[in-house]
Amino acid sequence: MIKNLVRKNILNLKPYSSARNKFIDGILLDANENPYDLFGEEYAKNLNRYPDPNHTKLREKLAEYYDISKNNLFAGSGSDEVIDLMVRIFCEPGKDNVIVPEPTYGMYKVACDIHDVDYQSVNLNLDFELDIDLILERCDENSKLIFLCSPNNPTGNLLNINKITQLAENFKGIIVIDEAYVEYSESHKSIDDLKQYDNVVRMRTFSKAWGLAGLRIGYCFAHQEIIELLYTIKSPYNLNKYSQMKAIDALSNESIMLKNRAFILEERKKIISFLKEWNYTLEVYRSDANFVLFRTSVADRLFNYLVNKGIIIRDRGNQVNLNNCLRVSVGTSDENRIFMEAIREFI
Ligand SMILES: *Cc1c(COP(=O)(O)O)cnc(C)c1O
């Protein structure tokens, strides 16, 4: 069933066979590498050698962490790579389309535009929830993917799971759920709720709660056939050695992530109650993520005022249904205090 959705050239593709695919140990004279290690320090050992193209150890670690099979896991250079690969696998340029509820993250559109794939936006309702009827009405035989972002960026809310289920049951293509901020939400570890749907792909990342944005590590859970396709078409060494190693370290130190998470959730609470009290606030939206979206009668002026003070937040007013909305990330308590003090002094 999945195979019917895949582009023919991708189904027939014979992948590049990299030297490190078969042999990892031994006298390695197969990949034209430099036999001398430049640094040799413990943290950067064997950087003269190509990384494992199959991310074996990282996938084993993720499999253990989430209690699923390694065969349902793919790792990429950030979720952004996974987004791009999903479009490449399923969407015929100039023919197929992708459905995306908005307002949301901008990369889904960019990936579609790069590949000349028709991007169809559908509005979320005014509570930033999915309108299932509207989405299904928009689908046709060329609709291959639906991207959902949950918790959604920039609105902050987790999407209703029953509606996602309804969509998974009724949509003939693949649903890709971007869960970049899921660690900040109630359902922060579980992946059981959508397990039975072969057409659901869930993307996660080390860039947010895990604090490794600079290393570019994303991953996804999917049906084994989709995972195999991702490994077939990705560039051979998409995830560097250091990133693979540090992602494993991070998972082995979950308590650090949980401690930071608890701290950020506390800070989020403070920012939300502060903004709710402020005179010029029209609305502060519920957040299941590490940022807060708020609507204010003075959005443009406040944004510029903060920039002048060297405090940078995000103006989201151009997105559909987000007139006069600003998004602020939860920073350190010092940063948040400075942000709130500046707003207090705003006239
Ligand atoms: C930050 C973010 C990501 C992370 O992308 P990476 O490429 O993994 O750093 C993905 N999706 C959304 C919605 C984000 O806001």
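First listed ligand is number 1; within each ligand, the first listed atom is number 1. Starting from 1, each residue takes its place in the sequence as its number.
- In this structure, atom 5 (O) of ligand 1 lies nearest to the protein heavy atom Ser79 OG, 3.6 Å.
- Under a cutoff of 6.0 Å and an axis angle of 45°, Lys189 and Tyr65 form a cation-pi pair.
- Given atom 11 (N) of ligand 1, the protein heavy atom at minimum distance is Asp178 OD2, 2.6 Å.
- Closest approach of Tyr231 and Ala75 over heavy atoms only: OH-N, 3.4 Å.
- Within the listing of ligand 1, atoms 6 (P), 8 (O) sit less than 4.0 angstrom from a heavy atom of Thr205.
- Across all their heavy atoms, Leu73 and Ala63 have their closest contact at CD1-N, 3.5 Å.
- Aromatic ring centres of Tyr219 and Trp210: separated by at least 6.0 Å.
- Protein heavy atom closest to atom 1 (C) of ligand 1, with residue, atom name and distance, is Lys208 NZ, 1.2 Å.
- Each of the atoms 2 (C), 3 (C), 10 (C), 11 (N), 12 (C), 14 (C) of ligand 1 lies under 4.0 Å from some heavy atom of Ala180.
- Residue Asp80 approaches ligand 1 through these ligand atoms, each under 4.0 Å from one of its heavy atoms: 5 (O), 7 (O).
- Shown in contact with Gly78 at under 4.0 Å from a heavy atom are these atoms of ligand 1, numbered in order with element: 6 (P), 7 (O), 8 (O).
- The protein atom (non-hydrogen) at minimum distance from atom 15 (O) of ligand 1 is Tyr181 OH, 2.6 Å.
- Among protein heavy atoms, the minimum distance from atom 7 (O) of ligand 1 is reached at Arg216 NH2, 2.6 Å.
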- Given the rule in the side-chain contact (heavy atoms from CB on, under 4.5 Å) test, do Glu33 and Arg20 qualify, once you have shown the distances and angles that lead to the verdict? CA-CA 11 Å; Glu33 297 148 328; Arg20 270 318 100 79; 2.7 Å; yes

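- The shortest N or O to N or O distance between Tyr108 and ligand 1 is not below 3.5 Å.
- Proximity to Cys149 (heavy-atom distance under 4.0 Å) selects the following atoms of ligand 1: 13 (C).
- When non-hydrogen atoms are compared, ligand 1 lies under 4.0 Å from neither the backbone nor the side chain of Phe206.
- Listed by atom number, the atoms of ligand 1 under 4.0 Å from Ser207 heavy atoms are 6 (P), 8 (O), 9 (O).
- At a 4.0 Å heavy-atom cut-off, ligand 1 does not touch Met203 at all.
- Under the 4.0 Å criterion applied to side-chain N and carboxylate O atoms, Asp193 and Arg202 are assigned as salt-bridge partners.
- Less than 6.0 angstrom separates the ring centroid of Phe291 from the ring centroid of Tyr181.
- Between Ile89 and the options Leu5, Asp84, Ile233, a side chain to side chain contact (heavy atoms under 4.5 Å, CB included) holds for only Ile233.
- Looking at every heavy atom in both residues, Asn238 comes nearest to His55 through OD1-NE2, 2.9 Å.
- Residue-level proximity to ligand 1 for Asn153 is carried by the side chain, the only part with a heavy atom below 4.0 angstrom.
- Looking at Lys270 and Glu266, no side-chain N of the basic residue comes within less than 4.0 Å of a carboxylate O on the acidic one, giving no salt bridge.
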